[in-house]
Visitor: 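Handing you this structure, nothing more for now.
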Amino acid sequence: MDLTDLLSGLNPHQREAVAAKPGHYLVLAGAGSGKTSVLTKRIAYLVEAENIWPHAILAVTFTNKAAAEMRLRIEQLLTQPHRGLWIGTFHGLANKLLRLHFREAGLNESFQILDQDDQLRMLKRVVAEMGLDAERFAPKQAMWLINAWKDEGLRPDAIQAGNHRQEPIWIDIYRAYETACRRSSVVDFAELLLRCQEVLLEHPALLAHYQNRFSHILVDEFQDTNTLQYAWIRLLAGERAQVFVVGDDDQSIYSWRGARVEHMQRFERDFPGAKTIKLEQNYRSTGNILAAANALIANNDGRMGKALWTDAGEGGKINVFGAFDDQEEARFTVEKIQKTSDAGEANGDLKAHAILYRSNAQSRLFEEALMQKGLPYRVYGGLRFFERAEIKDALSYLRLMQNREDDVALERAIATPPKGIGEKSLESLRNRAKSGGLSLFAAIVEALGSSGLSGRAKTGATALILMLEECTAAAREQELGDLIDTMLIKSGLNTHYQRVDRAEEGRADNLAELVNTARRFTPPIADQVPGEAPPAEQTPLQQFLAYAALEAGDHQSKPWEDSVQLMTLHSAKGLEFPFVYLVGLEEGLFPTQRASEDGTTALEEERRLAYVGITRARQVLTISHAESRRRHGQYQLQQPSRFIGEIPVNLLNQIRPKARARPNYSSGYGSNYGAPRQRYGESANMGLKLGGRVKHQMFGEGLLISAEGEGAYLRVEVKFDSVGMKWLQLASAGLVAV
DNA sequence: CAGCTAACAGTGAGA
DNA sequence: CTGTTAGCTG
């Protein structure tokens with residue numbers, strides 16, 4: 001592709017970013033502003049116009065999906081082969097580096113990657129082996145702490161040096177976990193990055209090599225980088241590389257995962273001479289939707305500042321529907337989808353509709369309503385292919401073929417299919433391993449030699465060892481797919497899951513699908529840089545295992561189908577839909593109770609989440625809330641979310657359920673002469689105010705605690721001096737202010 | 001070892 | 001209320 005093609009069709013700001021002069025750049029890219037396009041064209045521009053060698057470019061993303069998309073688009077843009085160009089996720093690239101330099105990193109050549117489930121199992125064992133009470137020292141919390149520490153780049157000793165508020169025992173758990181991982185030759189996700197960082201710091205020659213190699217580093221979704229990832233970028237960049245990052249501080253919704261939006265503000269300081277380019281023209285949504293998004297996010301402090309605009313016209317207003325309860329909300333939403341779809345507005349296209357909610361639990365009612373109407377739908381979330389139990393069982397055997405020391409895999413293999421090695425035998429084996437500082441596998445071998453196992457367990461253990469030997473031998477002769485097939489038969493997994501498989505679970509099918517996936521699997525091509533030693537050969541099995549760990553597969557089991565899309569706001573980030581239904585906008589739900597209690601920072605992240613939700617919509621945005629909702633089994637009265645109130649009323653189109661007279665809550669503005677400007681959800685309150693004293697004919701005097709609902713439905717909670725808390729229907733309670 | 005029952009928790013999820 | 005898990009029983 002030639003240069004003019006590359007730059008044509010770009011707006012001035014996009015062009016400025018794509019064809020930027022040498023230097024560091026922070027591209028502040030609003031939702032729908034053509035961010036991915038700018039990033040990929042920047043890379044193409046560097047190669048085609050600036051004659052930068054592809055192998056001098058490093059592009060980092062957070063998800064495999066983003067990396068794959070970028071790779072594809074670059075292939076289309078470049079005229080020359082892009083071999084040597086490193087595009088990948090932080091973890092994928094760290095894995096690549098560690099495989100190349102496993103010796104320097106102090107790792108076994110066939111080290112395996114632990115996913116979250118493996119990590120938790122590992123920690124359960126560590127906590128148990130330390131003789132700690134798993135109630136008080138919950139492995140889950142240990143996992144959370146350890147990951148948070150690693151994300152901050154902290155090893156156990158460094159934590160002790162600094163000040164932290166955790167009991168020292170957690171650090172001991174961290175230390176014991178590290179020992180266990182080292183003994184098993186396994187690394188968790190955070191470890192990939194941390195170890196990578198350390199190996200570069202400890203080997204100046206290696207660091208210099210990569211700093212020399214990469215003259216250009218590009219980062220996508222920069223607002224999501226955690227401390228370690230940012231440090232990694234700075235380290236690799238060194239003094240020489242030009243760094244080009246793209247992000248949106250208003251879409252930072254992962255602080256709970258360690259992401260630090262502050263990196264955006266720090267960028268100009270840490271990378272001297274860095275320039276900021278703002279992309280504010282939006283190519284996705286109508287004007288009203290953008291106006292709503294801008295108004296909402298303006299309530300956050302400390303933003304870098306950015307306002308989306310479009311030349312595409314205003315579009316319709318934002319629909320707001322206040323349902324009587326959660327079921328009505330679901331019914332309404334589904335009916336609206338059906339109507340829109342039938343009316344041809346959406347071309348009968350169901351996948352043009354997305355129902356977005358704050359938490360996964362909310363999907364149920366919508367699923368039920370969709371099912372009732374016979375509309376196909378797809379729910380994002382849940383287990384992914386490589387996370388399914390039967391797949392993880394199979395992967396455990398494969399991991400053992402590569403690395404017998406992999407204790408997590410071995411425990412899993414011992415458990416399924418059952419081998420007569422019960423909890424008692426396992427316990428003695430674990431003890432043997434612990435006291436001897438051995439891996440579990442070594443402990444089994446030793447126990448067999450010294451007749452440390454009883455009859456049935458002995459038979460099972462011998463069979464397992466033999467089976468692994470046979471499979472390992474087969475691995476030398478067979479193709480990956482056949483090899484997995486062989487393993488599934490020899491391990492008894494096939495028979496086991498054919499027997500255990502219940503209708504609809506399709507576990508046996510999944511195992512067959514694993515074989516298919518392996519047959520289709522093409523290992524990534526090792527990029528050989530001219531004048532450098534070829535990278536060490538990895539077996540296809542090893543590469544497949546790394547792939548399975550790093551790319552857990554699609555979230556939904558059913559493939560492509562025209563269906564309504566259901567997902568959380570978090571997983572909607574980066575997507576867009578013509579028709580978006582933002583549901584459950586209620587205080588306590590969105591923003592969550594927790595966020596409201598935690599204060600401004602947490603609330604602002606919720607607001608950014610709402611901003612992400614609004615900006616997913618291309619044509620029509622419908623927001624809904626229910627006045628009453630079943631939560632944890634009981635009906636609770638809900639107030640509309642403050643976020644609805646933050647959208648100017650003139651952008652809203654109030655929808656009222658038919659056949660039921662309902663108060664008109666947004667018309668207070670104007671008709672209610674002299675009243676203070678009303679926000680959505682507020683209503684006149686007969687001189688009563690929250691926190692004030694009130695009097696009831698029967699209950700006497702009390703304190704007005706809270707109010708929910710609207711107009712005729714307005715209910716108040718009063719703490720009476722004599723009878724305690726009561727909920728009252730304001731219209732009929734006859735309360736008077738004292 | 002598998003299947004059942006009781007107890008419990010209940011925000012989000014990338015690699 | 002519901003889905004998950006730990007622990008017990010057959």
Visitor: If you pin A/A415 and A/A549 to their nearest nucleotides in DNA chain B, which one's is more 5'?
Guide: A/A415
Visitor: If the condition is salt bridge (charged side-chain N to carboxylate O under 4.0 Å, His left out), which residues does A/R125 pass it with, not counting sequence neighbours?
Guide: A/E129, A/D407, A/E411
Visitor: Rounded to the Å, how far apart are A/D151 CG and B/dA15 C1'?
Guide: 11 Å
Visitor: Nearest nucleotide by nearest heavy atom, which residue falls closer to the 5' end of DNA chain B, A/P417 or A/L550?
Guide: A/P417
Visitor: Please state the C1' separation for the pair B/dT11 and C/dA6 - nearest whole angstrom.
Guide: 24 Å
Visitor: Which one, B/dA15, B/dA13, B/dG12, comes nearest to the side chain of A/R358?
Guide: B/dG12
Visitor: Quick check on A/R594: does its CZ atom have over 12 non-hydrogen neighbours (other residues, nucleotides or ligands) under 6.0 Å away?
Guide: no
Visitor: For the side chain of A/P418, starting at C-beta, report the closest nucleotide among B/dA2, B/dT11, B/dA15.
Guide: B/dA2
Visitor: Kindly point out which of B/dA13, B/dG14, B/dC1 is positioned nearest to the side chain of A/R384?
Guide: B/dG14
Visitor: Please tell me if A/N360 has a side-chain N or O lying less than 4.0 Å from either OP1 or OP2 of B/dT11.
Guide: no
Visitor: Could you point out which residue of A/Q112, A/R399, A/R412 forms a side-chain hydrogen bond (donor to acceptor under 3.5 Å, both in side chains) with A/D118?
Guide: A/R399
Visitor: Nearest whole angstrom, please: distance from the C1' of B/dA15 to the CD of A/E551.
Guide: 10 Å
Visitor: Of all the nucleotides listed (B/dT11, B/dC1, B/dA15), which has the minimum atom distance to the side chain of A/N64?
Guide: B/dA15
Visitor: Does A/T568 reach a base, just sugar-phosphate, or nothing at all? Heavy atoms under 4.0 Å.
Guide: sugar-phosphate
Visitor: Return the value, rounded to whole Å, for the distance between atom CG of A/D598 and atom P of B/dG12.
Guide: 16 Å
Visitor: Heavy atoms under 4.0 Å, any strand shown: does A/K140 hit a base, just sugar-phosphate, or nothing?
Guide: nothing
Visitor: Distance between the P atoms of B/dA13 and C/dT2, in whole angstroms?
Guide: 22 Å
Visitor: Contact class for A/F62 vs. all strands (heavy atom < 4.0 Å): base, sugar-phosphate, or nothing?
Guide: sugar-phosphate
Visitor: Looking at the side chain of A/F189, which of B/dT11, B/dA15, B/dA13 is the nearest nucleotide?
Guide: B/dA15
Visitor: Just wondering, do A/E513 and A/I391 contact through their side chains at under 4.5 Å, heavy atoms?
Guide: no
Visitor: Side chains of A/M143 and A/D188, heavy atoms from C-beta outward: is any pair under 4.5 Å?
Guide: no
Visitor: Measure CE/A/M143 against C1'/B/dG14 and give the value in whole Å, please.
Guide: 13 Å
Visitor: Does A/S571 place a side-chain N or O at less than 4.0 Å from the phosphate oxygens OP1/OP2 of B/dG12?
Guide: no
Visitor: Heavy atoms under 4.0 Å is the rule here; annotate nucleotides 1-10 of chain C 5' to 3' with B where the base is hit, S where only the sugar-phosphate is, and - elsewhere.
Guide: BS---S----
Visitor: Taking 4.0 angstrom as the limit, do A/E69 and A/K65 come out as a salt bridge?
Guide: no
Visitor: What is the distance, rounded to the nearest whole Å, between atom CH2 of A/W256 and atom P of B/dA15?
Guide: 12 Å
Visitor: Which residues pass the side chain to side chain donor-acceptor pair (under 3.5 Å) test with A/Y174, not counting sequence neighbours?
Guide: none
Visitor: Mark yes or no for a side-chain to base donor-acceptor pair under 3.5 Å between A/Q116 and B/dA13, with no hydrogen or angle criteria applied.
Guide: no
Visitor: Round to a whole Å and report the spacing from CE of A/M567 to P of B/dG12.
Guide: 15 Å
Visitor: Above 12 or not: heavy atoms from other molecules or residues under 6.0 Å from CH2 of A/W256?
Guide: yes
Visitor: How many whole angstroms separate atom NZ of A/K573 from atom C1' of B/dG14?
Guide: 10 Å
Visitor: Roughly how many Å is it from CZ in A/R631 to C1' in B/dT11, rounded to a whole number?
Guide: 10 Å
